[in-house]
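Taking it in order: structure first as structure tokens, then the write-up.
Computed from a predicted structure; not experimentally measured. Counting from 1, the numbers follow the sequence of the chain as shown.
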Amino acid sequence: MVENPNGADRKDAAGMTANASHTRRRRFLWLAIILVSIVLVLGLLFSFAPRYVARYLIASELDRLGIDYTGIDTLDIN
């Protein structure tokens, strides 16, 4: 940021001060980081959660029926 001798900020061709464009860039960067994080968490959730949900549902149903399910953790559910 270049300051004039009287202390005012210099404006660029678009009419924005250097500080304003830096603030917009930082806001965009934070928004991009947040969006990428949300997409990553949702992707991991949709990749791994169904297996655990299926195991829980199977275990609860077998428990309701009174069937032993000690080896259910070794099942490969796809």
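- The minimum heavy-atom distance between Y52 and F48, with the atom names listed, is CD1-O, 3.2 Å.
- Residues L40 and L31 are members of separate hydrophobic clusters, defined by side-chain heavy-atom contacts under 4.5 angstrom among Ile, Leu, Val, Met, Phe, Trp and Tyr.
- Among residue pairs with one or both ends in residues 26-46, none qualify as side-chain hydrogen bond (donor to acceptor under 3.5 Å, both in side chains); sequence neighbours excluded.
- Note that the CG atom of L62 and the CG atom of L57 stand 11.0 Å from one another [nearest 0.5 Å].
- Rounded to the nearest 0.5 Å, atoms CG (L45) and CD1 (I38) are 13.0 Å apart.
- From D63, atom CG reaches atom CD1 of I58 across 13.5 Å, with rounding to the nearest 0.5 Å.
- Between G43 and S47 the shortest heavy-atom distance is O-OG, 2.8 Å.
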